[in-house]
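The block underneath contains the structure these notes are about, expressed in structure tokens.
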Amino acid sequence: MEVGVEESSPLIRERQGKLEKLRRMGINPYGSRWEVTALAGDLQERHRDTPSAFFDSEAVTVSLAGRLMTLRDHGKTTFADLKDRTGQIQVYLREDRLGNEAYGLMKWTDIGDFLGVTGRLFRTRTGELTVAADEFRLLTKSLRPLPEKWHGLVDVETRYRQRYLDLVANPEAAAVFHRRSQLIRELRQFFDQRGFLEVETPMMQTVAGGAAARPFVTHHNALDMDLYLRIAPELHLKRLLVGGLERVYEINRNFRNEGIDTRHNPEFTMLEFYQAYADYHDLMTLTEELLPHLCRVLLGGEELTYQGVRISLSPPWPRLTVVEALRKVGGIREADLEGAEELRAVAARRGVPVQAGWGWGKLVDALMAHLVEPHLVQPTFLLDFPLELSPLARSQPDNPRLAQRFELFVAGLELANAYTELNDPQEQRQRFEEQLRAREGGDEEAHRMDEDFVRALEYGMPPAAGEGIGIDRLAMLFTDSPSIRDIILFPVLRPKEQG
RNA sequence: GACCCGUUAGCUCAGCCGGCAGAGCACCUGCCUUUUAAGCAGGGGGCCGCGGGUUCGAAUCCCGCACGGGUCACCA
């Protein structure tokens with residue numbers, strides 16, 4: 001954003017004046033390269049126990065760079081805190097050490113400026129590790145005042161709209177994104193070690209398949225055709241199983257044209273992985289390894305606290321079929337679980353909103369969402385979902401109304417969804433056709449027909465199981481964040497003002 | 001989409017039974033060579049989100065709008 005005259009506050013004008021002054025003195029307020037030999041946080045860690053006397057006898061010279069976070073001017077000396085990507089360290093500037101001319105430049109220096117500093121380490125009277133500056137250079141002049149040092153940046157809207165300020169002012173916010181990055185790194189390692197191949201499949205698709213959701217539409221000019229932003233990578237990943245890759249995973253964005261709330265952002269990050277010759281029971285086992293592993297690496301144990309609730313990820317986790325869950329957790333009588341009419345009556349009685357045309361499967365789904373899922377705080381697998389809701393999953397051999405499918409819930413959040421994949425092309429075609437009928441019946445989220453996918457299955461896809469894990473929700477869990485916006489750097493917001 | 005809450009200085013917040021717009025930090029001037037929410041003395045800074053209404057008078061009361069947060073609805 002340009003600093004327009006019309007919006008320049010006195011504080012900005014003040015800084016602009018300093019910038020002009022520096023320019024006239026022949027100093028570039030937007031300096032360039034600076035040789036960095038040390039990092040603030042690393043120094044703090046390395047010298048945590050180094051006694052003052054050590055620095056008196058041994059000259060430890062360091063060169064670092066960062067943003068000026070505080071300034072304490074004492075006349076002929078100044079204390080400052082310099083912040084880099086690893087932390088902060090105090091800098092001590094003395095007129096007698098730097099010379100009048102160099103020290104005088106502090107007058108035109110502000111909190112928020114980027115500085116390069118070289119000097120010797122020492123400990124102050126109060127014991128704080130400090131760099132006594134022998135030289136410093138302005139690397140970037142800051143024209144706008146940063147949020148206040150004590151409370152940081154609190155305003156939620158500004159934190160999301162100007163995330164850079166959140167990251168500068170609130171160390172906890174930066175820590176969340178470090179942990180998110182570590183989580184994804186660890187996921188990759190986990191799957192790489194197990195022989196999975198990381199792949200990238202199209203984000204722009206001619207048929208938005210693999211999930212029940214409304215897509216975003218865009219247009220390709222040269223080809224003069226509409227394309228959809230993907231709602232899931234599933235159908236492409238399974239084509240790769242046909243291609244013989246056997247174990248694949250993808251960590252990437254999905255886009256769904258839906259409402260926004262604390263657990264939904266229109267673009268979100270999903271891990272999907274597929275393993276040939278496995279079924280959904282194998283994936284439950286794998287998931288019971290994966291989450292505790294991530295928790296150990298990130299948090300140092302298999303327990304975590306989410307929004308004040310203690311959660312243990314130590315396996316094994318309870319496995320409840322959907323029917324059992326509705327009975328035990330939802331408190332629905334067994335007799336009421338059999339038919340659609342009975343379920344409809346239960347929904348009405350329990351205040352669960354349902355739509356007129358819904359069959360048994362959709363009613364089960366609605367009742368689960370309201371009466372069961374919010375209560376699943378400790379990790380719980382729900383299994384054997386209605387086949388009606390799972391057009392890409394294989395059915396139960398002993399009950400064709402149910403799919404070989406599970407979902408994992410932790411802290412009331414749906415974290416994973418997996419099933420034994422349907423690989424019978426004829427049955428797949430029929431399932432797509434049923435979805436098309438639902439779509440014609442007004443279900444905008446029903447799956448679309450994907451002829452090429454069916455053709456791929458006709459060549460033969462090995463038996464396989466696949467799973468999707470919502471990375472954003474995992475990140476929420478591992479960073480104790482109440483909203484998905486806290487773990488997405490730039491969440492979708494309505495533009496403010498004219499734009 | 002419905003309901004509730006919020007929007008006051010760069011930041012964090014008071015002020016809201018209508019009567020001159022406040023504090024802390026930040027900023028400016030002066031002093032200060034180991035401070036750390038540095039200190040001391042002085043000073044400047046406001047479209048009270050936007051638009052309308054009621055009133056002698058509105059940051060304050062009423063209506064509408066915008067943006068944000070929450071709950072619900074919708075939805076993986």
Side-chain angles (χ1 to χ4, degrees), chain A residues 6-15 17-18 52 69-81 88-98 103 107 110-112 122-130 132 142-162 165 168-170 210-214 231-232 254 256-266 268 270 351-355 365-366 368-370 373 385 389-390 407-409 413-417 444-445 468-470 472-473 482-486 491 493-499:
Chain A
E6 60 284 348
E7 68 156 327
S8 71
S9 77
L11 297 177
I12 294 173
R13 281 198 297 275
E14 185 73 38
R15 285 167 177 242
K18 291 177 179 175
S52 306
M69 298 303 287
T70 62
L71 274 173
R72 293 177 291 282
D73 175 10
H74 291 247
K76 294 186 175 59
T77 69
T78 299
F79 287 93
D81 288 298
Q88 290 195 19
I89 193 164
Q90 180 167 263
V91 176
Y92 181 45
L93 304 110
R94 291 173 64 108
E95 188 175 42
D96 59 5
R97 205 177 169 103
L98 290 157
Y103 186 79
K107 190 170 168 56
D110 288 297
I111 290 173
F122 76 108
R123 239 178 239 294
T124 62
R125 247 178 235 157
T126 52
E128 176 144 359
L129 186 68
T130 303
S142 167
L143 294 178
R144 290 177 183 265
L146 289 177
E148 182 219 359
K149 60 183 171 186
W150 194 240
H151 299 91
L153 179 65
V154 174
D155 183 73
V156 189
E157 188 171 350
T158 310
R159 288 186 51 217
Y160 297 153
R161 282 191 200 281
Q162 295 176 270
L165 292 181
V168 171
N170 301 329
R214 276 181 288 177
I231 56 176
N254 288 346
R256 297 188 186 175
N257 208 336
E258 290 157 2
I260 299 174
D261 61 32
T262 50
R263 36 188 85 172
H264 298 265
N265 192 63
F268 60 99
M270 190 85 160
V352 176
V354 298
Q355 282 174 27
D365 195 39
M368 291 295 289
H370 285 87
E373 292 167 6
F385 280 73
L389 305 174
S390 320
E407 291 187 355
L408 171 67
F409 284 83
L413 293 170
E414 182 200 330
L415 285 187
N417 176 25
E444 278 188 78
E445 271 130 24
I469 296 181
D472 306 281
R473 290 176 185 176
S483 169
I484 198 168
R485 294 183 206 94
D486 296 325
L493 296 180
R494 231 180 256 269
K496 205 171 184 178
E497 286 150 23
Q498 71 280 18

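Since the structure is predicted, the reported quantities are computational estimates derived from the model, not experimental observations.
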Which part of the nucleic acid, if any, lies within contact of [X], taking any heavy atom under 4.0 Å across all strands shown: a base, the sugar-phosphate backbone alone, or nothing?
X      : answer
A/G470 : nothing
A/R97  : nothing
A/D96  : base
A/A213 : sugar-phosphate
A/Y160 : sugar-phosphate
A/R494 : sugar-phosphate
A/L493 : sugar-phosphate
A/E128 : base
A/L146 : nothing

When both hydrogen-bonding distances must be under 3.5 Å and the geometry is Watson-Crick or G-U wobble, what is [N] paired with, if anything?
N     : result
B/G64 : B/C50
B/C72 : B/G1
B/C25 : B/G10

Distance, rounded to the nearest Å, where [X] contributes [atom1] and [N] contributes [atom2]:
X      : N     : atom1 : atom2 : result
A/R72  : B/C31 : CZ    : C1'   : 19 Å
A/R263 : B/G70 : CZ    : P     : 11 Å
A/I260 : B/A2  : CD1   : P     : 16 Å
A/D261 : B/G68 : CG    : P     : 14 Å
A/Q90  : B/A38 : CD    : C1'   : 10 Å
A/H370 : B/C75 : NE2   : C1'   : 11 Å
A/I12  : B/G44 : CD1   : C1'   : 16 Å
A/E95  : B/C32 : CD    : C1'   : 12 Å

Integer angstrom distance from the C1' of B/A58 to that of B/C17: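 B/A58 and B/C17 have their C1' atoms separated by 14 Å.
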Separation of the C1' atoms in B/G57 and B/G70, to the nearest angstrom: 37 Å
Shortest side-chain distance from A/S483, nucleotide among B/G68, B/U29, B/G70: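 In terms of side-chain proximity for A/S483, the closest of B/G68, B/U29, B/G70 is B/G70.
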First encountered from the 5' end of RNA chain B, between A/R161 and A/V154: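 Going by which nucleotide is closer to the 5' end, it is A/V154.
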